[in-house]
Amino acid sequence: MAKKISMQDIADALNISKNSVSQALSGKPGVSEATRKLVEKTAQEMGYSGKKSVVANGLAGTGTGTIGLIASDYAFSLKSFFGEIYLSIEKEVAARGMNLLIQSVNTEARDHLLLPSFIAEGKVDGVLILSHISTEYSNAVIATGIPTVMIDHHHPLIQADAIVTNNRFGAYTAVKHLIGLGHRDIAYVGNVTLSPSYQERLEGYRLALQEHGVPLKEDFVFSGVLEDDQEVTALVQGLDIQPSAWFCVNDGFGFFVRSALQQHGINVPGQASVCSFDNGMLSRLSIPKITTMNIDLDLYGRKAVEQLMWRMQHKDEPIIELLLPSELIVRESTGKVRG
């Protein structure tokens, strides 16, 4: 199979930035007319197909009354989190008298930048991208010129509006709760390479420790751990010194940490506290139930549709990121430090 030409290939050929290529192909301001024509000519000569003919034929945003929603197969499989956001989006779109087209993006489509037909052919007025697919794939969608809003994901190289959780402040609140219970040896566990959200939660964790005069112990920062029960169990059982509290980047990690501690003979919350993020099903099913940061998933969907409607009417306005708050829900897994 011949290599699929990407915007980065065009940028490398012309020695310009990938963002300039995206602006030129999408018809957005920011590049000169001469550069735009050169990019379009080079793209045609190199066989670039990501843009299709949506912008050239004036099809994007022609008032179809239809919105597109796409996400990775993995995101759509997480019904307790992204499924609730989807239901909120569906309800909000219907309330506005519009239609919603949905398609999952598998790894082959992602890697070869194969856009859903309703996007490639300009059959939708706007696109919602739920969670992370890939930066290049998101930019291929944006390059069609169809107004696009990201949900629960953002990146410096993705020039699109985004609706995201205020992860730093949420993590700060969670760690502040643990500090207020007297904990000083507080671990962070997650995998920052998987999502900007997890990196931001690490930053919130660090900020809370710093502002409350709690020394950061790098030995308790586990920022490259896979969300896997065996790996988390091995981590917990392999520690010579146990932290008195754990801040986990999501409820999956929280559930695995709580299980690993109890398997290791460490009582929760008697000997160690556990706090997580998202308020998903696992935090509620755990015994004891896990203290967590709640995210209003219904609000996520409503704000995403609202922002997309605004963007469709204001295509040339600056990019906007909307930070949604989270709320601490205190349950049985956190308690005052002992001894």
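What you see is a predicted model; the values in this text were computed from it and never measured.
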Engineer: Kindly say whether Gly335 contributes a backbone atom to a donor-acceptor pair with the side chain of His183 at under 3.5 angstrom?
Structural biologist: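 Indeed, once roles are kept as given, a pair shorter than 3.5 Å links the two residues.
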
Engineer: Do you reckon Val127 sits in the same ILVMFWY cluster as Leu101, going by side-chain contacts under 4.5 Å, direct or chained?
Structural biologist: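 Yes, one cluster joins them.
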
Engineer: Where the side chain of Asp111 meets the backbone of Glu108, is there a donor-acceptor pair that is under 3.5 Å apart?
Structural biologist: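 Such a contact is absent between Asp111 side chain and Glu108 backbone.
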
Engineer: Is Ile287 atom CD1 crowded by more than 12 heavy atoms from other residues, nucleotides or ligands, each under 6.0 Å away?
Structural biologist: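 No, because the 6.0 Å sphere around CD1 of Ile287 holds 12 heavy atoms or fewer from other groups.
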
Engineer: Give the cluster check for Met98 versus Leu100: same hydrophobic cluster or not, with ILVMFWY residues linked at side-chain heavy-atom distances below 4.5 Å.
Structural biologist: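 Yes, it is one cluster - the side chains of Met98 and Leu100 are joined through contacts under 4.5 Å.
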
Engineer: Please find the pair of heavy atoms, one from Glu317 and one from Trp310, that lie closest to each other, and give the distance.
Structural biologist: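 So the minimum-distance heavy-atom pair works out to CB-CH2, 3.4 Å.
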
Engineer: When hydrophobic residues are tied together by side-chain contacts of less than 4.5 Å, even through go-betweens, does Ile319 share a cluster with Leu157?
Structural biologist: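 In one cluster with Ile319: Leu157, no.
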
Engineer: To the nearest 0.5 Å, what is the distance between CG (Asp73) and CG (Asn106)?
Structural biologist: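 That separation rounds to 5.5 Å.
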
Engineer: Give a yes or no on whether a salt bridge exists between Glu92 and Lys303, defined as a side-chain N under 4.0 angstrom from a carboxylate O.
Structural biologist: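 Answer for the salt bridge query: no.
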
Engineer: In this structure, are over 12 heavy atoms from other groups packed under 6.0 Å from Tyr74 atom OH?
Structural biologist: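 It does not: Tyr74 OH has 12 such atoms or fewer within range.
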
Engineer: Do Asp12 and Lys18 sit within salt-bridge range, that is, some charged N less than 4.0 Å from a carboxylate O?
Structural biologist: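 Looking at Lys18 together with Asp12, the answer is no, because their closest N to O distance does not fall below 4.0 Å.
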
Engineer: With no hydrogens and no angle check, is any side-chain donor or acceptor of Asn294 less than 3.5 Å from a backbone partner on Asn279?
Structural biologist: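 It does not hold such a pair.
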
Engineer: Would a distance-only check, ignoring hydrogens and angles, find a side-chain to backbone donor-acceptor pair under 3.5 Å from Asn250 to Phe253?
Structural biologist: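 Confirmed, Asn250 side chain pairs with Phe253 backbone.
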
Engineer: What's the verdict on salt bridge (charged side-chain N to carboxylate O under 4.0 Å, His left out) for Glu218 and Arg206, showing C-alpha distance, side-chain angles and the deciding distance?
Structural biologist: CA-CA 10 Å; Glu218 292 292 348; Arg206 291 178 181 274; 3.2 Å; yes

Engineer: Please check if Tyr172 and Phe277 belong to a single hydrophobic cluster, counting links between Ile, Leu, Val, Met, Phe, Trp and Tyr side chain heavy atoms closer than 4.5 Å.
Structural biologist: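 No, Tyr172 and Phe277 fall in different hydrophobic clusters.
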
Engineer: Would you kindly say whether Asn267 and Gln262 are connected by a side-chain donor-acceptor distance under 3.5 Å?
Structural biologist: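 No - no donor-acceptor pair under 3.5 Å links their side chains.
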
Engineer: Could you tell me if His153 and Ser131 have a donor-acceptor pair between their side chains, going purely by distance under 3.5 Å?
Structural biologist: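 No, no side-chain donor-acceptor contact under 3.5 Å.
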
Engineer: Looking only at non-hydrogen atoms, find the nearest pair between Arg184 and Ser244 and report the distance.
Structural biologist: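 Closest pair (atom of Arg184, atom of Ser244, distance): N-OG, 4.2 Å.
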
Engineer: Backbone N or O of Asp298 within a donor-acceptor pair of the Ser88 side chain at under 3.5 Å?
Structural biologist: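 Checked: pair present.
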
Engineer: Please confirm whether the backbone N or O of Leu130 pairs with a side-chain atom of Tyr86, one donor and one acceptor, at under 3.5 Å?
Structural biologist: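 No: the side chain of Tyr86 does not pair with the backbone of Leu130.
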
Engineer: A side-chain contact here means heavy atoms from C-beta on lying under 4.5 Å apart; do Cys248 and Val274 qualify?
Structural biologist: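 Yes, close enough: below the 4.5 Å cut-off.
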
Engineer: Taking all non-hydrogen atoms of both residues, which atom of Trp246 and which atom of Val189 are closest, and how far apart?
Structural biologist: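 In terms of heavy atoms, the two residues are closest at CE3-CG1, 4.2 Å.
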
Engineer: Minimum heavy-atom separation for Val268 to Ser333, with atom names?
Structural biologist: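 Closest approach of Val268 to Ser333, heavy atoms only: CG1-O, 3.7 Å.
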
Engineer: Would you say Glu84 and Tyr300 are linked by a side-chain donor-acceptor pair, where the criterion is simply a distance under 3.5 Å?
Structural biologist: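 Distance-only check fails for Tyr300 and Glu84.
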
Engineer: So which heavy atom on Ala208 is nearest to which on Ile179, and how close?
Structural biologist: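 Minimum heavy-atom separation between Ala208 and Ile179: O-CD1, 3.7 Å.
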
Engineer: Looking at Glu45 and Lys41, is any side-chain nitrogen of the basic one under 4.0 Å from a carboxylate oxygen of the acidic one?
Structural biologist: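 A salt bridge links Lys41 with Glu45.
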
Engineer: For the pair Thr64 (side chain) and Thr66 (backbone), establish whether a donor and an acceptor sit closer than 3.5 Å, ignoring hydrogens and angles.
Structural biologist: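 Yes: the side chain of Thr64 pairs with the backbone of Thr66.
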
Engineer: Are side-chain N/O atoms of Arg110 and Ser134 paired as donor and acceptor at under 3.5 Å?
Structural biologist: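 Their side chains do not contain a donor-acceptor pair, so the 3.5 Å distance test is not met.
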
Engineer: With a 4.5 Å cut-off on side-chain heavy atoms, are Arg258 and Pro288 touching?
Structural biologist: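 Of all side-chain heavy-atom pairs linking Arg258 with Pro288, at least one is under 4.5 Å.
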
Engineer: Can you hop from Phe169 to Ile186 via hydrophobic side chains spaced under 4.5 Å?
Structural biologist: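 Unlinked, Phe169 and Ile186 end up in two clusters.
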
Engineer: Got more than 12 heavy atoms from elsewhere within 6.0 Å of CD, Gln230?
Structural biologist: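 It does not: Gln230 CD has 12 such atoms or fewer within range.
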
Engineer: Hydrogens and angles aside, do Ser20 and Ser17 bring a side-chain donor and acceptor to less than 3.5 Å of each other?
Structural biologist: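 Ser20 vs Ser17: donor-acceptor pair found between side chains.
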
Engineer: Quick one: do the Thr193 and Asn191 side chains pair a donor with an acceptor below 3.5 Å?
Structural biologist: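 Yes, side-chain donor-acceptor contact under 3.5 Å.
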
Engineer: For the backbone of Gly65 and the side chain of Asp125, can you confirm whether one donor and one acceptor N or O come within less than 3.5 Å of each other?
Structural biologist: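 Yes, Asp125 side chain to Gly65 backbone: donor-acceptor pair under 3.5 Å.
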
Engineer: For the side chain of Arg331 and the backbone of Thr291, is there at least one donor-acceptor N/O pair under 3.5 Å apart?
Structural biologist: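 Between the backbone of Thr291 and the side chain of Arg331 there is no qualifying donor-acceptor contact (under 3.5 Å).
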
Engineer: Do you know which two heavy atoms are closest between Ala13 and Met46, and how far apart they sit?
Structural biologist: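 Minimum heavy-atom separation between Ala13 and Met46: CB-SD, 4.1 Å.
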
Engineer: Strictly below 4.0 Å, N to O, side chains only: are Arg201 and Asp278 in salt-bridge contact?
Structural biologist: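 Yes, Arg201 and Asp278 are salt-bridged.
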
Engineer: Do Glu200 and His154 get their side chains close enough for a donor-acceptor pair, meaning under 3.5 Å?
Structural biologist: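 His154 and Glu200 do have a side-chain donor-acceptor pair below 3.5 Å.
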
Engineer: Main chain of Lys217, side chain of Asp219: is a donor-acceptor contact present, judged purely on distance under 3.5 Å?
Structural biologist: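 Not a single qualifying donor-acceptor pair exists.
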
Engineer: Is the shortest heavy-atom distance from the side chain of Ile163 to the side chain of Val149 under 4.5 Å?
Structural biologist: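 A side-chain contact exists here, since the closest heavy-atom pair is under 4.5 Å.
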
Engineer: Might you work through the salt bridge (charged side-chain N to carboxylate O under 4.0 Å, His left out) test for Arg168 and Glu203, ending with a clear yes or no?
Structural biologist: CA-CA 6 Å; Arg168 293 181 183 86; Glu203 292 166 6; 2.5 Å; yes

